[in-house]
Amino acid sequence: MWFAILLVALSIYLFQKWTYSHWKRRGIPQLHPSFPFGDVSDTFRQRTSYSDRVAQLHHQAVRDGHRFVGIYTLFQPILLITDVDLVRRILTVDFEHFVDRGAHINEKRDPLSGHLFSLTGAKWRRMRLKLTPAFTTTKLKAMFPTMMACGRTLTAVIDEHAGRSLPIRDLMTRFTMDVIASVGFGLECNSMRNPDELFRQMGARFFSKSWKTSMRMLLAFVAPRVNRFLQIKLNDDDVEEYMLNLVRDAIARREGGGEVRRDFMQLLVQLRNQVEVKDGGSWEMSSVDQNKALTVEEMAAQSFVFLNAGYETSSSTVTFCMFELCRNRDLLRKAHEEIDRVLEGDREVSYEALGEMTFLESCIDETLRKYPISPVLFRVCTKAYQIPDSDVVVEKETMVQISLVGLQRDPRYYEDPVKFDPDRYGERKAETMPHYSFGDGPRVCIGLRMGKVMTKMALVQLLSRYDFELKSPAADAGEIELDPSLLMLQPKHDIQLIPKRRVQ
């Protein structure tokens, strides 16, 4: 028995020695991994978020003078890139070597995983080409009145809380959910009035704060090889069935009953029936094709990622931006002045009016720099790649990561990187300032424009009529404490703001 125990112990020792020498054997510097979590043990113990931990590894590698360094997540070797020029090449110039994100996909067992964000190779290219016309400026302008209807409800809800403490993140998650339900699915969700609405409950489950959710996200995006073995689904069965039924119902109404709406689902139904979707084209269904170009499962997957991407990005960005503006009163005043100037004479909030608010745009850009939507960019090497100015060859199927929290708070590129300073942009913006919150290159976020429009519209609805103050103790706080259990950046505790009607 003792011999068996020793044999097992020796096997484990040799396995971890071999696994954690992967980068050394290839002549690539590595840090100090430990069994069994590699370099991210605090993340799996939920003491430090993955984004913060990878940012720490980024700064450690920079201090040691490394342009890139090998790290480990569980037993997964990952190449962490810390040099901005190399990052730029990987995302753009040398994209053909890093086409895929490497996330785990199983379209049969987990149909909602087969979305644009995670698809690979030729299938990603085909889906990207199909969906791109859905996010043009013309399509956004057509959807904008629907978005503004939710904006007016947001204003009415704040009216009811004037002078009282308001949890801004909770409200903004409900606002963005209502916008997405309307422009994405043709549903009147109204979760701002009814927080328990079913669409909101199902959509929010993907980002729920729990150990289960955290492990799912980490295994799917950070350790996909482990997940291929474990076959853990990203979503619960009831969420999956709800989304599939939602899409089936939308198809039945729009193919069978002739319902037409100017929303994302209408564009998917057109694509399903091989109607050419083009900028400035009709929203009508010219015909119902029996030879379907998209399956129900493919439509549900694209709808689901549309929901999750828009839900989290806009709500978090507005929350962080309001926090920073409220503790920098001079910037808040400047934002108020710009909004007043553009909307002078009772001018309506419109797509064109938002485009004139350049300072507010800089506030959003600075928020996204400091609090990036995707705090870590994931890529996988799809073709062997020699790193410029080195002898290192990155092997095919090597996972590559870029810490945006590390890169966009790197003092090499940003003076006083923790300071919230919208004036970094505009005339002062330089190519040396890395800003990749929406990614870059061919896999840049397809919904970039929509996310920014939704965010800016929400900020205008908040600031055009209200002044806000941070409720103590948040008013005296330093940096926001982030939730260590989540892959995305979220405050551990909601930000409490007190809205007060402005006297203009």
Side-chain angles (χ1 to χ4, degrees), residues 144-145 147-176 178-179 192 310 313-371 420-426 449-471 474-475 480 491 494-504:
F144 189 77
M147 297 169 65
M148 270 305 300
C150 298
R152 286 187 286 272
T153 303
L154 173 64
T155 303
V157 170
I158 298 173
D159 267 335
E160 297 165 8
H161 287 81
R164 295 185 289 127
S165 179
L166 181 70
I168 190 65
R169 174 170 168 75
D170 176 69
L171 177 59
M172 294 319 303
T173 57
R174 287 184 279 138
F175 163 76
T176 53
D178 287 356
V179 173
M192 281 185 281
T313 57
S314 297
S315 59
S316 292
T317 303
V318 173
T319 299
F320 288 127
C321 189
M322 288 298 295
F323 171 79
E324 292 288 357
L325 288 175
C326 287
R327 69 172 186 164
N328 293 277
R329 304 298 298 180
D330 56 328
L331 299 179
L332 180 60
R333 183 173 61 255
K334 193 172 178 180
H336 279 144
E337 289 170 353
E338 179 179 70
I339 293 170
D340 292 346
R341 185 180 70 254
V342 173
L343 300 182
E344 187 176 10
D346 293 328
R347 180 183 180 186
E348 289 187 356
V349 178
S350 63
Y351 188 92
E352 290 75 16
L354 294 185
E356 296 174 29
M357 298 179 188
T358 55
F359 178 73
L360 201 60
E361 179 87 9
S362 295
C363 290
I364 294 171
D365 285 340
E366 178 67 347
T367 302
L368 292 170
R369 176 198 69 83
K370 189 173 176 181
Y371 308 98
F420 184 79
D421 180 13
D423 288 331
R424 297 180 197 274
Y425 303 97
R449 288 194 199 92
M450 178 171 284
K452 277 201 166 184
V453 167
M454 195 187 310
T455 299
K456 189 182 282 189
M457 186 264 283
L459 288 169
V460 171
Q461 291 300 108
L462 293 171
L463 298 176
S464 60
R465 297 179 62 181
Y466 303 95
D467 191 4
F468 288 85
E469 292 182 359
L470 282 168
K471 182 183 177 182
I480 295 176
D494 208 337
I495 308 300
Q496 300 289 330
L497 299 182
I498 301 174
K500 297 181 180 181
R501 287 297 298 265
R502 293 177 59 206
V503 178
Q504 296 172 291

Contact summary for [X] and [Y], nearest pair of heavy atoms:
X	Y	answer
Q496	S165	OE1-OG, 2.6 Å
L463	H336	O-CD2, 3.0 Å
Q461	G151	NE2-O, 3.0 Å

For the residue pair R502 and Y466, would you count it as a cation-pi contact if the rule is NZ or CZ under 6.0 angstrom from the ring centre and within 45 degrees of the ring axis? no

Side-chain heavy-atom pair [X], [Y] within 4.5 angstrom cut-off:
X	Y	result
L154	L171	yes
L459	I339	no
D178	T153	no
L331	P422	yes
P491	R169	yes
T358	Y425	no
K471	I495	no
F468	L462	yes

Value rounded to 0.5 Å, distance of [atom1] in [X] from [atom2] in [Y]:
X	Y	atom1	atom2	value
C326	D467	SG	CG	7.5 Å
K456	C321	NZ	SG	11.0 Å
M147	M450	CE	CE	6.0 Å
T367	F420	OG1	CZ	3.5 Å
S464	M357	OG	CE	8.0 Å
E324	L332	CD	CG	12.0 Å

Aromatic ring pairing F320/Y371, orientation class (parallel under 30°, perpendicular over 60°, tilted between): parallel

Could you go step by step and tell me if L368 and K452 meet the side-chain contact (heavy atoms from CB on, under 4.5 Å) rule? CA-CA 10 Å; L368 292 170; K452 277 201 166 184; 4.3 Å; yes

For the pair V157 and F175, evaluate side-chain contact (heavy atoms from CB on, under 4.5 Å) and give the outcome as yes or no after the intermediate values. CA-CA 10 Å; V157 170; F175 163 76; over 6 Å; no

Between [Y] and [X], does any NZ, NE, NH1 or NH2 come within less than 4.0 Å of an OD or OE carboxylate oxygen?
X	Y	value
R329	E469	no
R341	E344	no
D159	R501	yes
K334	D423	yes
D365	R424	no

Checking D421 against K370 for the salt bridge (Lys or Arg N to Asp or Glu O under 4.0 Å) test, could you report, in this order, the C-alpha distance in whole Å, the side-chain angles of both residues, the deciding distance, and whether it holds? CA-CA 10 Å; D421 180 13; K370 189 173 176 181; over 6 Å; no

Keeping the roles fixed (side chain from D170, backbone from D494), state whether a donor-acceptor pair exists under 3.5 Å. no

T176 side chain vs T173 backbone, donor-acceptor pair below 3.5 Å: yes

Can you confirm whether the side chains of R174 and S315 place a donor and an acceptor under 3.5 Å from each other? no

Run the side-chain contact (heavy atoms from CB on, under 4.5 Å) test on E338 and E356 for me, step by step, so that the C-alpha distance in whole Å, both residues' side-chain angles and the decisive distance to 0.1 Å come before the verdict. CA-CA 9 Å; E338 179 179 70; E356 296 174 29; over 6 Å; no

Is it true that atom CD of E160 has more than 12 heavy atoms of other residues, nucleotides or ligands lying nearer than 6.0 Å? yes

